[in-house]
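Since the structure comes first, as structure tokens, the remarks are kept for the end.
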Amino acid sequence: MYHLLPFRFEPLNDHYDILVNEVGDYLIEPLGTAHQIANREINENEELFKDLTANFFISETKTPALIDNLASRYRTKKSFLDSFTSLHIFVLTLRCNQNCIYCQASSRDKNAKQSDISSTDLDLAINLMFMSPSTAITMEFQGGEPTLAFEKLKYAVEKTEILNKEFEKHITYVLCTNCINLTSLQLSFLKEHNILISTSLDGPEFLHNQNRGKTDGYQNTIKGIQNARDIIGHDRISALMTTSNESLNFSKEIIDAYLQNGFSEIFLRALNPYGLAKDNIWDDYNTCFLSFYFKTLDYILELNFKGIRFVENFTTLFLKKILTPFCIGFVDLQSPAGIINSVVVYNYDGYVYASDESRMIAENNDYSFQIGHLSDSYNDIFFSSKVGEIAQVWSNESLAGCSDCAFQAYCGADPVRNYSTQGDPYGYRPKSFFCKRNKAIIKHLLLLMDEHPEVLKVFKSWIK
Amino acid sequence: MPTNIILSKIHNIKNECLVHVLNSETCYVYSLETKKNLIDSNNNAQPFSFYQNSDSQYIVLQDFSRNEITPGSLFFASPKGFFRKVFEPKSSDNVLFITGQCNNYCIMCSQPPILKNDFSFYEKLNSLIIQLMPEDTLEIGITGGEPTLLRAKLVDTIRDIYKRCPNINIHMLSNGRAFANKKYASLFGEFNQKSLLMGIPLHSDFHSTHDFIAGQIGSYYQTMIGLYNLAFFEVAIEIRIVINKQNFERLPQLSSYIFRNLPFVKHVAFMGLETTGLTIKNKKSVWVDPIEYVSYLEKAVYEISEWGIETSIYNIPLCLLKPTLYRFSKKSISDWKLSFAEQCQCCLLSEECCGVFSTSKIQSNNIKTFQ
């Protein structure tokens with residue numbers, strides 16, 4: 001007889017059960033296996049008994065002899081919590097020079113200077129950032145288009161560098177820009193201060209321009225990327241794509257455009273229900289996004305089989321959670337949630353938000369995830385009663401529909417998304433697209449790897 | 001006059017001693033007990049000539065047989081006429097043997113443990129070796145038996161090695177059980193910035209299989225806890241897997257287990273059997289021809305190496321491996337144990353091959369010649 005350790009399970013398809021232990025190790029076994037395990041029907045001579053015992057699904061003693069090892073592994077999986085907020089987003093301005101059809105940040109006309117962060121607020125934000133206990137900080141500049149307020153960026157970086165002589169944190173600077181406005185002088189500054197660029201590229205010219213609402217957007221962006229690479233270095237600039245309704249039919253074209261432009265990775269990002277993007281018809285889009293994702297992933301895998309190394313980063317995030325004993329620093333797939341624990345936003349309006357998405361819903365006059373003003377004290381912001389309320393709903397382990405989900409270890413909690421799509425930060429899993437999408441992707445990946453060893457091999461190479 | 005002189009025997013010495021060869025003609029002889037040079041009573045180091053005549057009080061030179069003498073080599077000699085090389089300066093196979101005792105009784109042990117308390121003898125021998133070995137020695141092993149049975153004094157030994165040879169790589173072999181005691185493991189944290197690599201066998205991911213192979217119930221748990229404690233103190237770890245009849249079928253699972261539970265290890269070595277010692281006695285439950293397990297081995301090697309963990313195969317000749325595994329195969333057999341089979345004499349790959357153990361009493365029937 002054996003004892004059960006905490007593990008979660010569900011049918012993976014018509015033939016197999018998936019069993020996942022407390023630290024994300026999984027077994028794919030014939031349908032009904034979970035039932036047999038629970039009924040103590042597994043004989044100790046079976047290989048399955050050895051698998052289950054070695055991998056902390058069952059124990060011959062009430063407390064497993066290696067429970068401290070299991071605890072170490074659990075700590076490792078949750079180690080993104082060790083140092084608290086590490087990603088500090090500075091929204092320098094809401095002004096923008098593009099007109100994206102899915103704009104998630106509700107950007108303003110490029111001359112509307114009242115949409116810039118004030119110097120006083122910028123100082124306060126930098127001070128708050130240095131209050132974070134995290135020794136490794138990412139300082140990310142967003143907008144709007146932050147290069148339209150380049151003087152602010154320059155000031156912020158230089159001030160941070162001076163202050164950091166005292167704090168000695170490891171700081172990574174990231175500028176999120178469409179690259180269109182970047183001058184050589186600005187690029188020299190980026191190079192001099194070791195600032196990374198994260199840009200947007202939606203795919204081929206017709207698609208990019210359609211999404212961005214400009215006829216010369218693509219040309220300008222590609223030119224900007226090239227200039228940036230020449231000055232700050234090829235590997236210092238990465239690109240994100242956003243899957244608009246139009247994008248859904250162009251898997252191959254999008255990947256080919258990335259390859260042609262010298263990128264060896266992509267992040268297939270679904271539209272988020274924030275800002276202007278909220279008016280989409282969600283159910284249709286969501287279903288189509290899944291088939292788009294699967295199709296695109298197939299195409300990317302084909303490229304890899306041909307020896308062309310190309311990585312899909314959204315997949316890689318799941319794979320790291322599924323296949324490795326480590327955790328990831330991606331705020332959308334964490335439990336406790338990434339908001340506040342890993343990310344905070346200092347907005348141009350002088351307020352502090354729990355996440356990027358939180359400041360986006362604030363543009364629709366909903367301040368549910370505004371957690372304070374830049375002039376408030378660190379403790380008043382990060383340990384406010386509002387944050388306490390959010391904390392009640394930010395852990396999968398204690399949310400209905402998540403607490404017993406087989407894929408809990410691979411997923412994350414997202415109260416802001418629950419709130420914006422369902423009106424309630426707790427969320428209702430049976431109707432949550434976040435849940436449906438992540439489950440579908442995780443199942444898809446598990447089956448792909450199980451049935452095709454060559455896919456597993458490619459996936460492992462992406463994680464390294 | 002031969003350039004290499006062969007010592008085969010020392011007669012008429014009253015104490016156990018260590019012979020330190022200076023060059024092809026001279027040597028010092030040290031008493032193990034006093035660490036003093038035996039030749040000169042005032043302890044003025046006087047080189048001793050090999051070419052003293054054969055009724056010398058100390059050394060008789062006999063036939064020129066296998067052992068070549070290189071300057072710097074060390075030989076142990078006992079009054080009973082026991083004579084053995086214990087250090088060879090050019091070799092990377094030198095070891096300090098800590099004890100013949102062990103708290104495991106592995107079914108495939110090539111050097112079955114002894115019961116005699118031999119700590120003080122080896123302590124004396126090892127401290128002399130450390131004192132006399134060249135300061136630029138690059139590699140040394142620490143082995144047994146189970147070295148940790150020496151408890152805290154083992155840490156002193158390692159400290160002495162680093163004092164003598166600051167740039168040396170130390171490769172210690174242990175069953176890891178002693179490190180289940182966190183306080184003991186912490187003592188080895190002292191060396192975590194140095195080049196100490198701890199080689200620890202993990203026979204299976206399943207406790208009963210590991211315990212059966214180690215001959216000790218509970219050893220799996222102690223070893224696993226020990227591995228975590230060593231990792232906590234950032235000691236570099238190598239996992240050694242001796243492939244035998246009991247564990248070959250779960251090698252892929254073991255690899256996957258190692259990555260998920262022991263991702264901090266620096267190296268994983270899959271090792272063929274040396275068929276001597278207890279392997280012979282336990283032949284039925286131990287011996288398996290590599291041909292039978294090579295598919296499991298292939299899966300296991302790729303599973304772990306694809307995660308970027310350095311992976312090697314030891315002691316299995318290339319003709320018993322799949323070509324996909326050749327790049328993991330290392331020349332692993334110590335010079336003095338290395339031999340080649342009859343089929344190897346005109347084999348095209350014999351240069352790259354690890355060969356076989358001269359000490360092995362069972363060889364695979366599938367050894368063949370590449371032509």
Side-chain angles (χ1 to χ4, degrees), chain A residues 2 20-28 42-61 63-77 79 319-327 409 449-450 453-464, chain B residues 176-177 179-182 185 202-212 217-233 246-265 295-296 298-299 301-310 324:
Chain A
Y2 50 84
V20 185
N21 74 4
E22 194 70 348
V23 289
D25 300 339
Y26 71 93
L27 293 169
I28 295 176
I42 312 300
N43 188 302
E44 62 183 13
N45 299 321
E46 292 177 49
E47 289 303 306
L48 179 61
F49 185 91
K50 298 175 186 174
D51 292 332
L52 294 170
T53 308
N55 297 301
F56 302 108
F57 287 82
I58 62 173
S59 171
E60 288 158 281
T61 48
T63 304
L66 297 181
I67 193 163
D68 287 343
N69 289 15
L70 182 60
S72 292
R73 290 201 53 198
Y74 192 79
R75 277 197 300 279
T76 305
K77 275 287 180 192
S79 60
L319 292 172
K320 278 185 188 161
K321 298 199 79 173
I322 295 170
L323 295 174
T324 83
F326 309 115
C327 72
M449 293 188 285
D450 196 50
E454 70 279 12
V455 171
L456 175 59
K457 198 176 166 151
V458 170
F459 281 171
K460 282 166 94 174
S461 77
W462 289 3
I463 292 174
K464 258 187 264 171
Chain B
R177 290 172 53 197
F179 305 118
N181 178 333
K182 198 162 186 174
L202 189 64
H203 305 302
S204 173
D205 62 333
F206 184 56
H207 63 92
S208 299
T209 309
H210 177 99
D211 288 356
F212 180 81
I217 289 171
S219 63
Y220 171 81
Y221 292 134
Q222 288 186 341
T223 297
M224 278 304 298
I225 293 168
L227 287 165
Y228 268 60
N229 285 340
L230 287 176
F232 182 83
F233 295 107
Q246 300 298 321
N247 68 0
F248 76 92
E249 284 167 316
R250 284 185 72 83
L251 287 180
Q253 288 92 329
L254 177 56
S255 275
S256 153
Y257 179 85
I258 288 170
F259 174 65
R260 284 174 295 106
N261 291 279
L262 306 164
F264 41 76
V265 302
S295 299
Y296 296 95
E298 183 185 35
K299 242 178 134 179
V301 163
Y302 276 86
E303 166 64 31
I304 194 80
S305 69
E306 277 169 4
W307 287 120
I309 293 178
E310 208 189 317
T324 49

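Per chain, numbering begins at 1; letters A, B, ... match sequence-line order.
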note = Looking only at D25(A), T53(A), L456(A), most heavy-atom pairs under 4.5 Å shared with chain B are made by D25(A)
request  = Please round to the nearest 0.5 Å and tell me the distance separating atom CD of E44(A) and atom CZ of F206(B).
outcome  = 7.0 Å
ask   = Any donor-acceptor pair under 3.5 Å linking the side chain of K460(A) with the backbone of E303(B)?
value = yes
query = If we only count heavy atoms from C-beta on, is the E60(A) to H207(B) side-chain gap below 4.5 Å?
reply = yes
key: Contact winner vs chain A - E249(B), Q253(B), M224(B), E306(B), heavy-atom pairs under 4.5 Å   = E306(B)
task = For the pair F259(B) and L323(A), evaluate side-chain contact (heavy atoms from CB on, under 4.5 Å) and give the outcome as yes or no after the intermediate values.
result = CA-CA 9 Å; F259(B) 174 65; L323(A) 295 174; 5.6 Å; no
query = Which value, rounded to the nearest 0.5 Å, describes the distance between I67(A) atom CD1 and I225(B) atom CD1?
reply = 11.0 Å
query = Do you know the tightest heavy-atom contact between Y257(B) and N55(A)?
reply = CD1-OD1, 3.8 Å
ask   = If only atom types and distance count, is the side chain of R260(B) paired as donor or acceptor with the main-chain N or O of G24(A) below 3.5 Å?
value = no
ask   = Is the closest side-chain heavy-atom distance between R73(A) and N261(B) below 4.5 Å?
value = yes
ask   = Does CZ belonging to F326(A) count more than 12 external heavy atoms closer than 6.0 Å?
value = yes
Which atoms of E47(A) approach chain B - backbone, side chain, both or neither, heavy atom under 4.5 Å = both
task = List in chain and number order the residues that pass ring-ring contact (aromatic ring centres under 6.0 Å, His included) with Y228(B), two or more places apart in sequence or in another chain; answer none if no residue qualifies.
result = F264(B)
request  = Answer with side chain, backbone, both or neither: which region of Y220(B) has an atom nearer than 4.5 Å to a non-hydrogen atom of chain A?
outcome  = side chain
